[in-house]
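Notes follow the structure.
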Amino acid sequence: MDKLVLIDGNSIAFRAFYALPLLTNQQGTYTNAAYGFTMMLMKVLEEEKPTHVLVAFDAGRVTFRHSDYEEYKGKRDKTPSELSEQFPLIKKILDTMGIRHHELDGYEADDIIGTMACQGDQQKMKTTIVTGDKDLLQLVTEYVTVLMTKKGVSDAQRYDIAEIDQRYGLTPKQIIDLKGLMGDSSDNIPGVPGVGEKTALKLLHEYGSVEEVLAHIDKLPGKKLKERVAEHQEQAKMSKQLATILCETPLDFDLSDLEYHSFDSAKVAPLFKQLEFKTLLQRISSADEELPVSTQAKDLTIHHITEENFAKWDSLFDEDQLSLFVEMNHPNYHRAEVLALALSSEENHLYIPISVAQKWEAFKNWLADPKKEKCAYDGKGAHVALRRYGLLATGISFDVMLASYLINPSESGHELSDIVTRKLDASLPADEDVYGKGAKRRQLEGEELAVHLTRKTEAMVKLQSILEEELENTGLSSLFFQVELPVSHVLAEMEWQGVKVDKEGLQELGKELSSRLKELTSNIFDLAGTEFNINSPKQLGEILFDRLGLPVLKKTKTGYSTSADVLEKLAPQHEIVEEILHYRQVSKLISTYVEGLMKERSEDDGKIHTRFQQAIAATGRLSSTDPNLQNIPIRMEEGRRIRKVFIPSQENWLLLAADYSQIELRVLAHLSGDENLIEAFHSNMDIHTKTAMDVFDVEADDVTPEMRRHAKAVNFGIVYGISDYGLSQNLNITRKEAGEFIERYLESYPGVRKYMDDIVKKAKQDGYVTTMLDRRRYLPDINSPNFNRRSFAERTAMNTPIQGSAADIIKKAMVEMKSALDEAHLSAVMLLQVHDELIFEAPEEELEKLTEVVRRVMEDAVELTVPLRVDVDAGKTWYDAK
DNA sequence: CCCCTCACG
DNA sequence: ACGTACGTGAGGGGC
């Protein structure tokens with residue numbers, strides 16, 4: 001059966017342009033609108049499987065509508081050149097794909113689409129219009145539907161007659177009347193001033209059309225409304241006319257010219273490659289691929305290592321460098337089963353089942369030899385996993401994952417398949433595609449596993465030299481080899497050690513919290529007068545705002561907001577609110593911490609082994625998963641008690657916590673060179689009190705706790721990339737007041753103001769910012785025409801050098817800590833890192849010496865224009881090491 | 001699978 | 001006028 005798809009080219013390109021960051025390819029061509037457009041196009045082709053396709057564009061700026069109304073589209077901003085220069089590109093893509101596109105002088109894309117939609121309807125041909133413009137809903141009929149992009153371009157909603165009726169209570173034709181009454185500010189269609197969507201819909205439900213409304217002016221409700229409509233009768237009629245889409249545009253083609261047969265990937269692929277549409281490239285090649293995958297795999301000679309034949313491969317270990325990959329059946333390498341290993345040199349590709357590896361002496365010697373260089377992918381995970389099988393891996397001198405991360409830490413994936421797609425002229429199936437996910441997950445075995453695995457190490461050999469060169473070219477080599485790679489070895493050791501957890505203590509805490517939760521629950525039900533699920537924001541919102549009638553202070557996209565900041569404001573109005581806040585706290589402690597930690601505690605050693613993710617955070621920070629040990633409660637006493645269950649692993653040992661005091665503001669003082677801020681740290685003042693003195697112009701003794709609290713928030717704001725709005729939200733003050741605080745701050749610290757201005761300017765020039773140790777973060781939105789995107793990028797430009805340099809510093813300290821502990825003959829071990837804090841366990845008698853060593857290493861990690869200060873505390877539990 | 005909420009620095 | 005604080009991870013609800 002025939003099927004017609006009509007695409008509103010301008011509308012979709014606009015949507016894509018504002019939804020996506022301002023991407024460019026290597027040649028500097030802007031590609032974001034073309035990319036988003038093509039993504040949408042491919043999706044529609046796949047899902048609709050049309051036999052006929054047309055993309056319509058607007059032509060020029062003057063249309064027949066302008067002769068009726070000069071100001072038509074008058075208020076619209078000029079199309080940014082970054083977008084307009086992409087239209088030829090989009091048309092080229094369409095030509096290459098064999099898709100017809102048309103524009104016509106004096107008419108809009110809407111009219112071309114309207115005319116073809118009418119033809120489709122007359123021929124009873126199923127027709128889909130793709131647009132982001134609600135005007136086109138007027139074209140819907142029994143045969144014609146509209147696919148409306150929601151946010152961005154990926155998500156769309158289909159409108160047929162029933163859906164329009166449900167949404168507006170109107171027929172498609174009445175959409176024109178709706179526009180006639182309410183107007184459209186984006187097209188500068190006036191409508192009737194003061195009549196918005198609500199009023200217009202009410203009138204149309206009553207009278208049906210603009211003409212009928214005008215015929216009954218005297219019956220309209222409200223004096224104001226009557227006057228307005230009476231006064232703007234002509235304008236309403238004209239607005240309706242402007243909004244009416246033409247069905248008789250003089251076109252020099254007809255339906256039969258729009259036939260579409262699937263595109264030729266051999267022609268399209270080179271274009272996508274040039275534009276660097278990598279995901280799309282993968283999609284068009286994987287669609288008719290299957291074959292190339294197996295050909296590639298056939299090219300690869302795999303040597304299957306067995307107990308019988310390994311001896312003849314002993315000489316492989318004379319090679320200077322081999323790539324090693326450890327395949328597991330699960331991402332958590334602390335408990336995953338190792339399936340097999342692969343090993344590649346330039347020429348040879350070995351597949352080694354884990355049981356064979358364990359018996360192969362030459363392999364084990366090579367693996368454990370620090371002088372034998374190994375290129376790994378996630379060397380930390382590989383090391384930990386192999387260690388559980390009695391295999392010691394050292395000498396990991398390159399890590400493909402970490403290199404890819406340093407080259408661009410904002411990139412969405414650093415899976416090997418992602419890196420191959422980005423850096424090589426090849427593709428590798430993603431683990432998820434090979435294994436499936438969730439319930440569909442399957443085990444791989446035999447030849448299939450061997451192929452999948454050796455293709456990885458084969459790719460790694462090629463990647464290593466490319467990545468090494470790229471690191472060198474972008475000034476990242478030293479950070480990589482001196483910090484990032486060594487810290488991965490330190491982290492492997494920390495994770496391997498794990499933290500001991502007091503099981504009984506955790507269970508008791510759980511019991512106590514559960515009975516507290518029970519009391520709270522019954523109190524809340526009493527106060528509400530009914531039972532409901534307190535954990536459901538939806539149900540809670542209904543109770544608070546519908547049943548109890550509390551005022552709605554904030555809404556979310558989906559309904560009422562019940563977040564803590566809202567509830568705190570409502571607390572004085574009803575007893576129940578305080579109880580709910582408390583319930584939330586306790587419930588969080590039970591589910592995330594008591595139950596969450598219990599799940600992750602290993603029965604083997606009574607410890608928790610987190611994984612520190614080293615290739616996630618765009619600023620260079622670490623993160624922690626399964627469980628996250630970087631967000632254990634501390635701010636509220638009730639939650640802080642969770643820390644009592646973290647204990648040393650041996651009798652008469654202690655936990656010791658060492659944290660950098662104000663590291664981010666000290667980094668800011670250093671980076672900005674602001675004299676006032678530098679002086680504050682040299683004189684060892686309380687920095688928030690100092691800020692309060694400057695901002696509020698008072699003496700130290702006159703700083704009230706309230707003033708200090710405000711000053712503290714201003715300091716946070718500065719670090720985050722200040723905005724008056726953000727600060728006003730945080731402090732619950734007006735934007736004007738917040739703006740004044742900021743201005744007073746920047747007057748007191750002129751060096752900071754200059755630094756912030758300069759870093760944004762530099763980011764706009766270079767397209768990236770760097771940290772003290774030359775870590776890089778690209779900011780593709782820094783010159784975006786979209787205010788939100790650009791502002792966000794500007795704040796990131798201010799924040800990343802600060803947060804990122806702090807991350808650099810603690811990583812450097814961690815690398816140096818290992819040898820410092822050895823030299824001091826300490827048996828203490830480092831267990832955790834929490835961004836500006838390191839946690840150790842050690843015998844009691846080492847306390848004094850350890851404190852001295854830890855403080856020295858951390859404080860001397862880098863030399864700044866201000867001193868770094870470290871606070872150290874120790875105790876029997878993490879709670880007591882405060 | 002997305003949204004909301006909330007824990008940390 | 002726009003509508004945000006920076007960086008993370010996890011659990012529960014609901015479609």
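In the text below, chain A, chain B and the rest are named by the order of the sequence lines, each starting its count at 1.
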Quick check on Gln166(A): does its CD atom have over 12 non-hydrogen neighbours (other residues, nucleotides or ligands) under 6.0 Å away?
no
Cation-aromatic face contact Arg776(A)/Tyr768(A), 6.0 Å, 45 degrees
yes
Given atom CD1 of Ile534(A) and atom C1' of dC6(B), what is their separation to the nearest angstrom?
17 Å
The nucleotide from dT5(B), dG9(C), dT4(C) with an atom nearest the side chain of Ile616(A) is dG9(C)
Need one value for Ala618(A): base, sugar-phosphate or nothing, where a base atom within 4.0 Å counts as base even if backbone is also close, heavy atoms only.
sugar-phosphate
Classify Ala807(A) by what it touches in the nucleic acid, base, sugar-phosphate, or nothing, heavy-atom distance under 4.0 Å.
nothing
Considering only atom C1', compute the distance from dA1(C) to dC6(B) and round it to an integer number of Å.
32 Å
Please work out if Ser587(A) contacts a base, only the sugar-phosphate, or nothing of the nucleic acid, heavy-atom cut-off 4.0 Å.
nothing
Scan Gln803(A) against the nucleic acid and name what it touches under 4.0 Å (heavy atoms): base, sugar-phosphate only, or nothing.
base
Going by modelled atom types, is there a donor-acceptor pair between the base of dT4(C) and the side chain of Arg795(A) at under 3.5 Å?
yes
Nearest-Å distance, CG (Leu832(A)) to P (dG9(B))?
13 Å
What's the closest nucleotide to the side chain of Gln585(A) if the choices are dG7(C), dT5(B), dA7(B)?
dA7(B)
At under 4.0 Å between heavy atoms, what does Asn786(A) touch on the DNA or RNA strands: base, sugar-phosphate, or nothing?
nothing
Carboxylate-amine/guanidinium contact Arg641(A) Glu637(A), below 4.0 Å
no
For atom OH of Tyr583(A) and atom C1' of dG12(C), their distance in whole Å:
10 Å
Would you classify Gly721(A) as touching base, sugar-phosphate or nothing, given that sugar-phosphate means primed atoms plus P, OP1 and OP2, and contacts are heavy atoms under 4.0 Å?
nothing
Spacing between Tyr720(A) atom OH and dG7(C) atom P, to the nearest angstrom:
10 Å
Residue-phosphate contact under 4.0 Å: Arg735(A) side-chain N/O, dG3(C) OP1/OP2:
no
Is the shortest side-chain N/O distance from Thr558(A) to OP1 or OP2 of dC4(B) below 4.0 Å?
yes
Tell me what Val834(A) touches on the nucleic acid: a base, only sugar-phosphate, or nothing, going by heavy atoms under 4.0 Å.
sugar-phosphate
Categorize Phe792(A) for me: base, sugar-phosphate, or nothing, with a 4.0 angstrom heavy-atom threshold over every strand shown.
sugar-phosphate
What nucleotide among dC6(C), dG12(C), dA5(C) has an atom nearest to a side-chain atom of Leu727(A)?
dA5(C)
Does the ring of Tyr333(A) carry Arg611(A) above it, NZ/CZ under 6.0 angstrom from centre and within 45° of its axis?
yes
For a quick test of reading the model: is some side-chain N or O of Thr556(A) closer than 4.0 Å to OP1 or OP2 of dC4(B)?
yes
Say we look at dA5(C) and dT5(B): how far apart would their P atoms be, to the nearest angstrom?
13 Å
Any donor-acceptor pair, under 3.5 Å, between the side chain of Arg611(A) and the base of dG9(C), if you only look at N and O atoms?
no
May I ask you to check whether Tyr749(A) and Tyr745(A) place their ring centers less than 6.0 Å from one another?
yes
What is the distance from NZ of Lys554(A) to C1' of dT5(B), rounded to the nearest Å?
11 Å
What is the distance from CD of Glu542(A) to C1' of dG14(C), rounded to the nearest Å?
12 Å
Output the single nucleotide from dG7(C), dC6(B), dG12(C) whose closest atom is nearest the side chain of Asn535(A).
dG12(C)
Kindly point out which of dT8(C), dG11(C), dG13(C) is positioned nearest to the side chain of Thr592(A)?
dG11(C)
Between atom CD in Glu432(A) and atom P in dC1(B), what is the gap in whole Å?
9 Å
Rounding to an integer number of Å, can you tell me how far Glu664(A) CD sits from dC8(B) P?
16 Å
Can you give me the closest heavy-atom contact between Asp808(A) and Met772(A), atom names plus distance?
OD2-N, 3.9 Å
Counting only side-chain nitrogens and oxygens, does Ser536(A) get under 4.0 Å of the OP1 or OP2 atom of dG14(C)?
yes
Could you tell me whether Lys380(A) and Glu495(A) make a salt bridge, using a distance below 4.0 angstrom between a side-chain N and a carboxylate O?
yes
Base, sugar-phosphate alone, or nothing: which one does Ala738(A) contact when heavy atoms must sit under 4.0 Å apart?
nothing
Close approaches to DNA chain B from residues 622-638 of chain A, in residue order (heavy atom, under 4.0 Å):
Gln630(A), Asn631(A), Ile632(A), Pro633(A), Ile634(A), Arg635(A)
Given pairs defined as Watson-Crick or G-U wobble with both distances under 3.5 Å, what dot-bracket annotation applies to DNA chain C, with ( ) intrastrand, [ ] crossing, | other strand and . unpaired?
.....|||||||||.
Counting only heavy atoms not in Lys712(A) (residues, nucleotides, ligands), do more than 12 fall under 6.0 Å from its NZ?
no
Residue whose nearest DNA chain C nucleotide is more 5′ - Lys588(A) or Gln539(A)
Lys588(A)
Is Glu415(A) atom CD crowded by more than 12 heavy atoms from other residues, nucleotides or ligands, each under 6.0 Å away?
yes
Considering every strand and a 4.0 Å limit on heavy-atom distances, what is the contact class for Ile802(A): base, sugar-phosphate, or nothing?
nothing
Is the gap between the ring centers of Phe532(A) and Phe525(A) under 6.0 Å?
yes
Please determine, by modelled atom types, if Glu484(A) and Gln614(A) share a side-chain donor-acceptor pair under 3.5 angstrom.
yes
For Lys511(A), I'd like to know if atom NZ has over 12 heavy atoms of other residues, nucleotides or ligands within 6.0 Å.
no
